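Take a look at the structure below.
Being a predicted model, the structure only gives us computed values, none of them experimental. First listed ligand is number 1; within each ligand, the first listed atom is number 1.
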Amino acid sequence: MSDKVNILGVKVDKVNTEQASDKIIEYIQNGDMGKSVFTPNSEIIMMAYRDKEFCNLLNSSDILTADGIGVVYASKIVKNPIFERAAGFDIACRSLEKLSDIGGTLYLFGSKPGVAEQAGKNITAKYPGVKIVGCSDGYFDEAKEQTIIKNIQKSRPDLLFVCLGAPKQEKWINEHKNEINAKVCMGIGGSLDVFAGNVKRAPEFYTKHGIEWLYRLAKQPSRFVRMLDLPRFGFKVILKGRKFPQE
Ligand code: UDP
């Protein structure tokens, strides 16, 4: 089978966390610029199913991994299985370990004021070889956005985490990746909140049994409406998933 699986039009790479982080470090060591990494879960694939332009944007990225057990199940239903999920946060952690080994640079962009700075402190404590070259929060008007872009350009990071939630972060990366002088840009949602210690990841029990969504719902009941897309995603994949060609 191919190295990608087509899930409702989104062509997800069949890579695990190790392979994805290896590729990221390879881009950095090669001196590539403007590479993009997105990690769609079922909700994001539903967004792409409804919005062709967003679907094309995801498909134009350099690495697109399955963040969530729902996407792994879907790949089995369409008979082109991915064997494990490669969640954005896990890829970020593994990439930081490797970035630390090569003394690479990191810029943190997103989340509420102060979160990126705290995340930066925790990251340098855990991955001492990583040099944080800038932090910006994710709440901006046009003028502030220009300043953020200039700061990123000046700091020329090896790796840029963009944590604005989906689809804002993917659209932002796609629009700016060729002008910001970052080698690799990763859209990784609420990860800065986790690095900062403000939000806990679901315990392994939940991820292992495919019920991470239940943990997140209990912690943040406001997610209820967007989570209605999870059963919709399941039905769509069962009813229509096999009509999408696998290469
Ligand atoms: N966020 C931001 N700017 C915005 C909207 C959201 O920086 O305009 C941040 C928000 O503070 C949070 C992250 O984006 O840290 C999104 O988190 P969420 O858990 O919703 O992301 P997911 O991974 O589920 O897409």
Does anything in residues 158-174 form a salt bridge (Lys or Arg N to Asp or Glu O under 4.0 Å)? List the pairs, not counting sequence neighbours. D158-K183
Are F233 and I7 close enough that some pair of their side-chain heavy atoms sits under 4.5 Å apart? yes
Could you tell me whether D137 and K144 have a side-chain N and a carboxylate O separated by less than 4.0 Å? yes
K76 atom NZ, over 12 foreign heavy atoms within 6.0 Å: yes
For the pair Y215 and T207, evaluate side-chain hydrogen bond (donor to acceptor under 3.5 Å, both in side chains) and give the outcome as yes or no after the intermediate values. CA-CA 9 Å; Y215 179 85; T207 43; over 6 Å; no
Out of I63, V37, V162, which one pairs with M186 under the side-chain contact (heavy atoms from CB on, under 4.5 Å) rule? V37
Name the residues in contact with ligand 1, where contact means a heavy atom under 4.0 Å away: which are they? G110, S111, K112, G138, Y139, C163, L164, G165, A166, K168, G189, G190, D193, R216, R223, R226
